Each structure stands twice: as C-alpha cells, then as structure tokens.
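Order of the sequence lines fixes the chain letters, A, B, ..., with proteins taken first and strands second; residue numbering starts at 1 for each chain. On a predicted model such as this, the values are computed, not experimentally measured, just so you know.
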There are 2 protein chains.
Amino acid sequence: MSAPTVYDVAERSGVSIATVSRVYRNPDSVRAQTRERVLGAARELGYVPSGNARGLASRTTGVLGLCFPDYSDPDAETSAAATDADDDNAVMLYSDQIIRGMERAARRHGYALLIAASLDGGPESLVAKVAGRVDGFAVLSQTVPTSDLEVISRRLPVVMLAGPREIDHLDHIVVANADGERELARHLIQDHGLRRPAFVGGEVNSPDAEARFRGFQEACREAGLPVPEEPALRAGMMTQAEGARAAESLLDRASDGERPDALLFANDQMAVGALYALERRGVRVPEDIAVTGFDGIPLSRIVRPTLTTVRQPMQQLGEQAVELLVRRLGDRDREPVSLELPVSMARRASCGCG
Amino acid sequence: MSAPTVYDVAERSGVSIATVSRVYRNPDSVRAQTRERVLGAARELGYVPSGNARGLASRTTGVLGLCFPDYSDPDAETSAAATDADDDNAVMLYSDQIIRGMERAARRHGYALLIAASLDGGPESLVAKVAGRVDGFAVLSQTVPTSDLEVISRRLPVVMLAGPREIDHLDHIVVANADGERELARHLIQDHGLRRPAFVGGEVNSPDAEARFRGFQEACREAGLPVPEEPALRAGMMTQAEGARAAESLLDRASDGERPDALLFANDQMAVGALYALERRGVRVPEDIAVTGFDGIPLSRIVRPTLTTVRQPMQQLGEQAVELLVRRLGDRDREPVSLELPVSMARRASCGCG
DNA sequence: TTGAAAGCGCTAACAC
DNA sequence: GTGTTAGCGCTTTCAA
C-alpha cells in the first residue's frame with residue numbers, strides 16, 4: 001500500500017499512463033470524458049503526482065530558491081517600550097522581507113519558493129540541497145562559499161544579493177550603500193551644521209559596511225572636512241551590544257572639545273544599541289550628539305528618539321532577484337547584469353529632524 | 001553538454017556510480033582516498049546532485065512545505081506617522097512570522113522549507129505542486145480546498161494551522177482565540193468599568209473571528225451584561241477600510257445614550273482602521289470609547305493610541321507545525337493531535353491602560 | 001570497500 | 001486523442 005502512481009490511476013481508469021500524465025500537464029489535450037474518468041480515479045486512489053519524478057523527467061522543478069544567513073540579532077536589547085518579549089519576535093528581518101519579495105514575484109511567475117538558512121556541512125551542504133531542487137536561486141552574500149557557487153552556477157542560474165560581485169559571470173544586485181550614506185552624512189553636515197561626524201563600521205570584509213564608509217568619506221570630502229582613512233571604530237558583528245560599546249568607547253576616548261557631534265553607524269542595530277547606551281549615560285540625542293543608522297528596520301521607527309536612517313528596499317531586492325532568475329531561465333546566454341537599487345533616507349528625530 | 005551526472009563523475013574518477021552516490025550520502029563508507037578522487041572529479045565537472053533523482057530513488061525530499069493565503073491588507077491606510085510608503089512594507093504579516101518559525105524549526109531538523117501562497121488552479125493547483133515536492137506540509141486554514149487535503153493527506157503528513165479542524169485525522173494547531181478575547185473583554189468590563197462593549201466580527205465562516213466572538217459572549221455572561229447573539233457588525237475581509245466603516249456605522253447607528261463604550265474588533269487591522277476613523281470624527285480613544293484588536297501585529301504598537309490587543313504566537317505556530325510534521329514522519333500511526341497555543345494580552349493605550 | 005543492476009514515477013517523442 | 005517506449009539521475013539491495 002505505497003503511494004499510488006500513474007500506473008495505478010491508469011489501470012483504474014482504463015487508460016495509459018501517458019494519458020494520466022496529460023491530464024495533469026495539459027488537460028485540454030485529453031477528451032473531457034476521459035479526463036473526468038482519470039481525475040475520478042485519482043481522487044479515489046488519493047493520487048498526488050510526484051514532483052520528484054516530474055522534475056527528473058522534465059528537468060525543471062517550478063521552484064526557485066533562496067539561501068540566506070540567520071539575520072536575527074542574538075543580543076538585541078529589549079527596549080523600554082517593548083517590555084514584552086513576544087514583541088521582539090515581531091521585528092522584521094532582512095531575510096523576512098527578501099523572502100516576501102521573492103515569494104510574491106515567484107508566485108506571479110508560477111514558481112514556488114524554497115528557502116534555507118545557512119548551516120554548514122560537507123559535500124551535503126545547504127546549497128547542495130537547495131541547488132539540487134530548484135531551477136535557479138538567489139544567495140545572500142556571505143552565505144555560501146564562493147567556491148561552491150562557482151561550481152553550482154555552471155549548472156543553474158544564481159543571482160547574488162547585496163554583497164560584492166564575487167563571481168563576475170553571475171547576475172548581481174546591490175543596494176546603493178555609498179549613495180545612501182553620502183546623502184545621510186551630507187544632510188548632517190549641511191543641514192544640521194555638524195562638523196565632527198564619526199563613522200562606526202563593521203569588519204573589513206563586510207562590503208556593505210565598507211561601501212557605506214566610502215559614502216561617508218565622500219561627504220566629508222565634499223564638505224571640506226577631514227577625510228578619515230578608516231572608520232572611527234569597527235564592530236565585528238554589528239549588533240546592538242556592539243553599538244552600545246562603540247558609543248561608550250567613542251565618548252570616553254575623546255576629550256570634550258573633540259568629542260564627535262554625530263555618530264553614523266553602519267547599521268540600525270548598532271545605532272539602536274548606541275541610543276540605549278547614550279541614554280544610560282545621560283547624553284542627549286540629538287541635542288548633545290546626533291545618531292544615525294542604516295537599513296531602516298522597523299525598530300528604527302519605534303525607538304526613542306526615532307532613528308534617522310537609510311532604508312534598504314529589501315523586498316524589492318527579492319522581487320528583482322526573481323525577475324533576473326526568470327529572465328536568465330529564459331535565456332541562458334544573456335549578459336550578466338549588475339543592478340543597483342536606490343535607497344531612500346528617513347529623516348527622523350535622532351539627527352534633529354523629528 | 002548537459003549537466004553532469006553520477007555517471008560522468010564515476011567515469012572521470014574511475015569508480016562506479018554507486019561509489020559516487022555513497023560519497024554524498026554516507027562519506028564514511030568510502031575510503032578516504034577514493035572519496036577525494038570522487039569529490040575532485042565532481043568539482044571539476046561542476047557536478048550538483050539532482051534533488052529530484054534523489055527524491056525519486058529514496059522517496060524523501062528533505063523538504064517541508066507551507067501553503068498560506070496572501071495576508072497583506074490591500075487597503076491598509078498609511079498612518080500619519082508612517083508617511084513613507086516603504087515603511088508599510090516593513091509590517092510583518094502572519095505569514096512572515098509563520099514562515100520564520102517554520103524555517104527555524106525545519107532547519108533544526110535538517111529540512112528546508114518550501115513556501116507557496118494560494119493561487120487557484122485546476123488539477124495543477126498550488127497544493128499539488130507543494131505536495132509533490134515535500135515530505136509533509138502545513139496549511140493555513142482556508143488556503144486549500146478541504147477536498148484536496150482529504151486526498152493529499154492520505155499520502156503524506158499534513159498539519160492544519162489556525163482554523164477549525166476540518167479533517168479529523170490530521171494534526172491541527174490553533175491559538176486560544178476564545179480565551180484571549182474573553183480575557184480582553186473581561187479586562188474592559190472589570191478593570192475599566194465599561195458596560196456597553198460591542199464586538200465587530202468577520203464572516204460567519206471565519207472560525208477565528210467566531211471563536212473570538214464566543215470569548216466575548218462568555219465575558220458578557222460572566223459579567224452579567226446582556227449577551228449578544230451576534231456580533232454588532234460583521235466585516236467581510238476584516239481590513240482597515242472595513243474597520244473604519246464599522247466604527248462609523250456603529251456610532252451613527254446608536255443614539256448617544258446607547259452608543260457603545262468599547263469597540264472590540266476581531267482583528268488588529270480593523271481596529272487600526274477604526275482608530276483612524278474615530279480620530280477623523282473627533283471621537284477620543286480611549287476617553288470617549290475604548291478600542292481593541294486581536295493578533296498583535298507590529299502596527300498595533302505603532303499606531304496612536306497604541307492598540308490594546310491579544311498577541312497570537314504565530315512564530316510558535318510555525319515551530320510547532322514543524323514539530324508535529326517531524327513527529328508524524330517518524331511515526332505515521334500516532335494519534336492525530338490538536339494543540340491549542342496560549343495567547344497573551346497586550347494592554348496598551350487604546351483601552352485606557354496606556 | 002566497491003560494483004552491477006534494478007527500479008523510483010514521471011515526461012516526451014513517436015506511433016497509431 | 002491515445003498508447004508505447006525510452007529514459008531522467010539517483011539510491012539501494014545483493015554480490016563480490
């Protein structure tokens with residue numbers, strides 16, 4: 001009593017397996033009466049076509065994939081307002097937004113979406129699993145070893161998301177990190193008259209953080225301010241805890257005269273952590289010091305003061321990823337493209353705009 | 001030059017296809033030296049094992065699925081605070097939370113997650129697609145015709161989420177709708193001394209909304225208030241727009257003396273819509289009238305006044321769904337279970353707790 | 001430890 | 001319209 005197959009359905013409805021197959025793949029190519037008979041038998045038997053067998057025979061799966069890292073911030077602080085632990089789970093992460101964007105776009109094109117967060121493994125790794133079950137997939141940068149992608153991308157379309165273009169024959173989408181941070185810094189300098197901005201970055205190998213730093217540098221240059229060679233500080237994980245530490249260490253480090261008048265963080269998590277730390281030390285934001293983030297996570301709108309930041313269009317990123325995959329599926333030989341999605345600035349209270 | 005297969009790898013590394021297979025399935029059963037040779041050949045060739053072929057041969061996919069309806073509120077109003085359209089996309093939907101919960105739990109168990117939102121179709125429907133590619137899957141109620149589930153669940157584990165138990169041999173998880181609403185109403189009546197609460201429900205066939213209404217009734221009964229037979233009003237889609245309309249119509253309908261002093265909505269979306277409508281009419285919340293929702297969507301914390309509501313543990317729902325699936329995969333004959341997840345109340349400003 | 005061979009359930013020519 | 005017949009690429013006994 002194993003699962004019924006086309007053979008069972010065919011036998012029960014007195015047709016050939018080819019006809020059964022047709023009923024599912026192309027109903028109109030079968031006489032209505034025959035079709036009903038087949039469908040009837042299928043219900044009675046509890047027949048469900050095997051996606052595997054189908055995929056194997058037709059060499060397509062109708063599924064697109066996404067590999068992403070686990071983006072949750074393990075040491076997020078609970079804000080004063082959000083006393084309920086449950087609420088923190090309601091914060092939307094990058095991955096959630098990308099998934100949403102991809103799922104919708106995929107649906108429009110008739111695909112389902114297979115998702116898997118990174119997990120290391122030998123030959124039988126995450127990617128392998130996803131790669132073997134989809135027609136094409138998107139990868140968030142730093143999720144999958146480049147060498148694996150190198151191999152896999154020879155066999156199916158892969159689009160790289162939000163990182164550097166590690167493999168140049170792949171489609172690739174980034175957000176305008178440098179542009180966004182430049183505009184943000186320019187706003188602080190020009191509109192708020194701040195003169196001693198400090199940028200808190202991430203690790204050197206975080207391309208997003210580095211691009212944002214470049215934007216910061218450009219704004220300094222434009223404004224005739226000293227252009228730092230390096231971020232004032234680098235955080236490893238870019239978490240809230242590290243943002244808090246960074247804020248404190250930056251205040252401690254400097255004598256009053258040279259204390260920065262603006263802290264530009266490479267992401268919102270750090271900026272939020274800094275906000276808490278500054279509050280604890282009685283430093284007022286934005287009166288004593290301005291604080292900005294990057295990403296536009298929902299939390300940035302909930303903290304007090306609300307956080308001035310740059311919104312990343314993550315949902316769009318997901319949608320575009322699907323578009324590129326679908327397009328490449330349609331034409332394997334098209335030129336690889338590299339898209340840059342525009343970002344938009346959210347001027348809020350933490351820079352003095354609120 | 002089609003994709004390389006085990007045969008290609010086998011030939012190139014001078015072993016049999018069985019050995020190649022073993023290298024991927026059970027590396028330790030192959031001599032280290034042989035293994036390296038195989039792996040080397042695989043890289044050179046750009047070999048990626050076909051999930052389809054694998055699934056077909058082994059009758060398992062290593063994938064769990066989720067079918068959900070599209071939960072986005074098409075006519076959500078932009079709140080005064082959220083002037084930027086982008087921000088609205090950052091609101092986390094049920095589906096996002098369930099997906100997150102399922103993905104994490106699935107990952108822990110070594111599964112990937114296949115997701116697909118409802119879309120209608122003939123024999124080649126959404127479910128069929130998902131069902132054929134997974135080892136088991138969860139379905140949000142009202143997403144898939146019961147008759148389809150009936151058939152499919154004969155062949156693989158299905159767990160029903162957040163609805164009535166349509167098929168009694170299936171595992172099933174609900175949240176404590178009635179309990180939550182009862183507690184909420186009790187709070188309004190006992191702690192805030194409100195005497196004329198009105199419940200705004202959904203369609204009769206929305207089991208969640210009905211369960212919440214039952215909770216409301218119970219609270220009225222307990223308190224010795226008149227127990228309504230029916231919700232004061234029923235909304236079809238339970239959107240913000242309908243919530244706004246409901247609030248207005250309820251105010252218009254009653255003369256001042258019998259105007260309700262509390263509006264309990266069957267979900268947050270409607271409650272938020274009502275908040276906007278009341279503000280437009282100059283009715284103060286909670287001074288003139290209390291408003292509550294149900295669900296605990298992030299927006300409920302962002303609107304002003306903040307919305308008193310009942311939080312649904314959607315992420316847990318996803319996690320539990322995976323647990324049930326995994327358990328059933330381990331033992332097809334276990335008794336079907338029906339879990340009820342506890343909810344928790346969020347007392348906020350819109351009921352006067354602010 | 002490795003190989004040979006028989007499927008897994010379906011699709012896709014190609015006949016009829 | 002419908003049936004026949006090869007595979008699709010892998011796992012899995014069973015032998016060696």
Given that A/P4 and B/T19 both sit by DNA chain C, which one's nearest nucleotide is further toward the 5' end? B/T19
Where each residue is assigned the nucleotide of DNA chain C containing its nearest heavy atom, which of B/Y7 and A/G55 is assigned the position nearer the 5′ end? B/Y7
Between [N] ([atom2]) and [X] ([atom1]): distance, integer Å:
| X | N | atom1 | atom2 | result |
| --- | --- | --- | --- | --- |
| B/N26 | C/dT2 | CG | P | 12 Å |
| B/R25 | C/dG3 | CZ | P | 19 Å |
| B/D28 | C/dT1 | CG | P | 10 Å |
| A/Q33 | D/dG1 | CD | P | 13 Å |
| B/E11 | D/dG9 | CD | C1' | 15 Å |
| A/I17 | C/dT11 | CD1 | P | 9 Å |
| B/K129 | C/dC10 | NZ | P | 17 Å |
| A/R133 | D/dG9 | CZ | P | 15 Å |

What's [X] touching, base or sugar-phosphate or nothing? Going by heavy atoms closer than 4.0 Å.
| X | value |
| --- | --- |
| B/V15 | sugar-phosphate |
| B/T5 | sugar-phosphate |
| A/S21 | base |

Record whether the side chain of A/R22 comes under 3.5 Å of the base of D/dG3 through a donor-acceptor pair of N or O atoms. yes
Can you find a donor-acceptor N/O pair under 3.5 angstrom joining the side chain of B/R59 to the base of C/dG9?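 When only heavy-atom distances are counted, B/R59 does not reach the base of C/dG9 through any donor-acceptor pair under 3.5 Å.
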When rounded to the nearest 0.5 angstrom, what is the spacing between [atom1] in [X] and [atom2] in [Y]?
| X | Y | atom1 | atom2 | result |
| --- | --- | --- | --- | --- |
| B/H109 | B/R327 | NE2 | CZ | 8.0 Å |
| A/L339 | A/L324 | CG | CG | 5.0 Å |
| B/Q320 | B/I98 | CD | CD1 | 12.5 Å |

Quick one: do B/V63 and B/R133 satisfy side chain to side chain contact (heavy atoms under 4.5 Å, CB included)? Show the steps, please. CA-CA 7 Å; B/V63 177; B/R133 315 204 138 277; over 6 Å; no
Return each pair, listed once, that meets ring pair (Phe, Tyr, Trp, His ring centres under 6.0 Å) where at least one residue sits in residues 25-67 of chain A; pairs must be two or more places apart or across chains. A/Y24-A/Y47
By nearest-heavy-atom nucleotide on DNA chain D, the more 5' of A/T34 and B/V48 is A/T34
For the side chain of A/A57, counting heavy atoms from C-beta on, which of D/dC10, C/dT11, C/dA4 is nearest?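 Minimum distance to the A/A57 side chain belongs to C/dT11.
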Just to confirm, is there a sub-4.0 Å distance from OP1 or OP2 of C/dT11 to any side-chain nitrogen or oxygen of A/R54?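 For C/dT11, OP1/OP2 do have a side-chain N/O of A/R54 under 4.0 Å.
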For D/dT2, take OP1 and OP2 only and decide whether either is under 4.0 Å from a side-chain N or O of A/R31.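 Yes, within the criterion.
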